[in-house]
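One structure is given here, and the rest of the page talks about it.
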Amino acid sequence: MLKIIFSSEDILRTRVAPAADPLWELVLSLHLLQGRGRDPLSTPWRRGVARGLRTDTGAERYRLLLALNPPRGYFPDFLTPSASRDGFEAGLEAVRGTPLGMLRRDLTVLAGETPLPPSAGALARGEPEVLQDLTDTMARYQELAVTPYWARVQAAVEADRSRRARAMLDGGAEGLLASLKPAMRWADGVLEVLDYPDTRELHLDGRGLLLVPSFFCSRTPVALLDPSLPPVLVYPVDRLGGLTPEAGGGRESDAAQREALAALLGRTRAAVLQVADEGCTTGEMARRLHISAAAASQHTTVLRNAGLLVSHRDRNTVLHTLTPLGRAVLDA
């Protein structure tokens with residue numbers, strides 16, 4: 001279990017990341033790719049990405065990147081620098097500039113848990129060409145495995161942010177922290193990550209905590225090992241709608257999209273899009289539009305299948321929010 005210890009100052013400084021973090025998503029997708037879980041939403045994605053890596057020219061290039069990101073256990077802190085919040089390229093530049101001491105420390109810890117290829121030795125020595133090759137591989141992997149699904153990633157993260165914003169409005173910062181259940185438990189100034197693979201404490205010491213909602217975080221929230229780094233807790237969001245690429249999904253996905261968009265037409269569904277703009281539950285939608293809850297649920301299902309909104313279930317309540325595509329349709 002991970003216990004994160006807050007002071008009153010830390011509670012005030014806790015916030016949610018403004019968007020999906022590209023390097024966290026990349027790294028955690030590598031864990032999901034190599035894992036053995038039976039998540040029906042990720043199985044087609046895993047098969048497609050594995051096939052793409054096998055057929056990619058120079059597929060051996062992925063050996064080091066995969067070894068640095070085992071499906072469970074420790075992975076290096078330097079792969080997810082805080083600079084990635086400024087964008088993918090900024091994150092890669094930070095990886096290339098990782099201090100030698102951090103490289104050696106992280107790779108020594110990793111080598112104690114998992115076998116590493118010979119190239120890891122050159123990486124631990126900070127050889128610039130190896131760091132450049134590593135970030136080039138990360139960029140190529142991102143293009144194959146993450147970029148085609150980025151609209152889904154952004155939509156799911158934005159939906160979770162809307163949920164956390166409602167929790168914050170209703171209960172303040174402590175309401176936000178309490179909303180992270182059931183994977184986490186908030187009580188008496190301590191946030192407990194219940195299924196964490198290690199037992200340790202993280203004292204925030206007035207720095208606050210950055211909560212990072214993640215699409216590819218499969219089940220258990222993740223924190224950095226080095227307590228001197230800015231405190232981050234990455235947690236999974238609902239992947240409602242699955243892993244459907246934005247485009248190029250083949251004839252079957254194109255036909256499904258055309259069918260979904262054909263079913264979209266209608267004045268009521270346009271009104272549903274409007275009320276979902278700021279986040280809206282099924283019950284709220286039914287009341288605002290003077291329709292039954294069953295009708296509201298039916299309309300949101302069609303919109304969700306068309307990729308225009310995402311839905312998050314919390315016990316007996318379902319919160320609907322627009323995807324970037326849904327907002328573009330509404331604006332048009």
Side-chain angles (χ1 to χ4, degrees), residues 2 21-36 46 49-147 196-200 202 214 216-218 220 222-232 234:
L2 172 65
D21 186 299
L23 284 195
W24 273 109
E25 297 296 349
L26 183 154
V27 165
L28 292 173
S29 76
L30 283 161
H31 300 177
L32 187 65
L33 177 67
Q34 300 180 84
R36 298 180 180 178
R46 184 187 287 128
V49 171
R51 184 166 54 250
L53 295 185
R54 286 194 301 269
T55 58
D56 187 28
T57 302
E60 178 64 21
R61 76 174 78 176
Y62 299 104
R63 185 182 178 194
L64 176 59
L65 180 60
L66 291 169
L68 293 175
N69 292 279
R72 59 185 58 84
Y74 174 77
F75 63 95
D77 286 345
F78 77 84
L79 292 175
T80 53
S82 59
S84 67
R85 292 196 292 276
D86 296 325
F88 186 61
E89 292 302 326
L92 293 185
E93 184 64 30
V95 172
R96 286 190 289 270
T98 303
L100 181 58
M102 187 176 188
L103 287 171
R104 288 176 175 170
R105 182 203 62 199
D106 286 6
L107 292 170
T108 297
V109 174
L110 182 62
E113 297 186 6
T114 187
L116 295 177
S119 54
L123 181 61
R125 293 190 295 272
E127 295 183 10
E129 62 272 19
V130 180
L131 279 162
Q132 183 66 53
D133 286 346
L134 175 62
T135 54
D136 287 348
T137 302
M138 292 170 72
R140 178 58 180 157
Y141 173 82
Q142 177 87 354
E143 181 182 340
L144 286 171
V146 181
T147 300
Y196 202 74
D198 193 13
T199 300
R200 64 186 179 100
L202 173 60
S214 168
F216 282 105
C217 186
S218 61
T220 304
V222 182
L224 298 170
L225 181 65
D226 186 353
S228 69
L229 293 172
V232 171
V234 184

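When reading the values below, keep in mind they use all heavy atoms of this one structure, side chains included, and skip hydrogens, waters and symmetry mates.
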ask   = Hey, what do you get for CG (L92) to OG1 (T135), rounding to the nearest 0.5 Å?
value = 5.5 Å
ask   = Does the side chain to side chain contact (heavy atoms under 4.5 Å, CB included) test come out yes or no for V222 and Y196, once each step is laid out?
value = CA-CA 8 Å; V222 182; Y196 202 74; 5.5 Å; no
Nearest-0.5 Å distance, CD of residue E25 to OG of residue S214 = 3.5 Å
ask   = Under 3.5 Å, side chain of Q142 to main-chain N/O of L26, donor-acceptor pair present?
value = no
Where A124 and L103 come nearest, the two heavy atoms and their spacing = O-CB, 4.3 Å
ask   = Hey, are the side chains of Y62 and T137 touching, using non-hydrogen atoms and a 4.5 Å cut-off?
value = yes
inquiry  = Could you report the tightest heavy-atom contact between G87 and P22, atom names first, then the distance?
reply    = C-CG, 3.9 Å
task = Check whether any side-chain N or O of S84 sits under 3.5 Å from a backbone N or O of T80 as a donor-acceptor pair, and report yes or no.
result = no
task = Can you see which heavy atom on V146 is nearest to which on S29, and at what distance?
result = CG2-OG, 3.8 Å
request  = Keeping to residues at least two apart or across chains, list the salt bridge (Lys or Arg N to Asp or Glu O under 4.0 Å) pairs with something in residues 79-93.
outcome  = E93-R96
query = Closest heavy-atom contact between V232 and V234?
reply = CG1-CG2, 3.8 Å
query = Roughly how far, to the nearest 0.5 Å, is CG of L116 from CG of L64?
reply = 8.0 Å
Any side-chain heavy-atom pair of V49 and L144 under 4.5 Å = no
request  = Write out all pairs satisfying side-chain hydrogen bond (donor to acceptor under 3.5 Å, both in side chains) with one or both partners inside residues 114-126, taking only residues at least two apart or from two chains.
outcome  = R125-E127
message = I'd like to know if the side chain of E113 reaches the main chain of G73, judged simply by a donor and an acceptor atom lying under 3.5 Å from each other, with no hydrogens or angles considered.
response = no
query = If you measure from CZ on F216 to CG on L33, what distance do you get to the nearest 0.5 Å?
reply = 9.5 Å
ask   = Is there a donor-acceptor pair closer than 3.5 Å between any side-chain N or O of D77 and the backbone N or O of D226?
value = yes
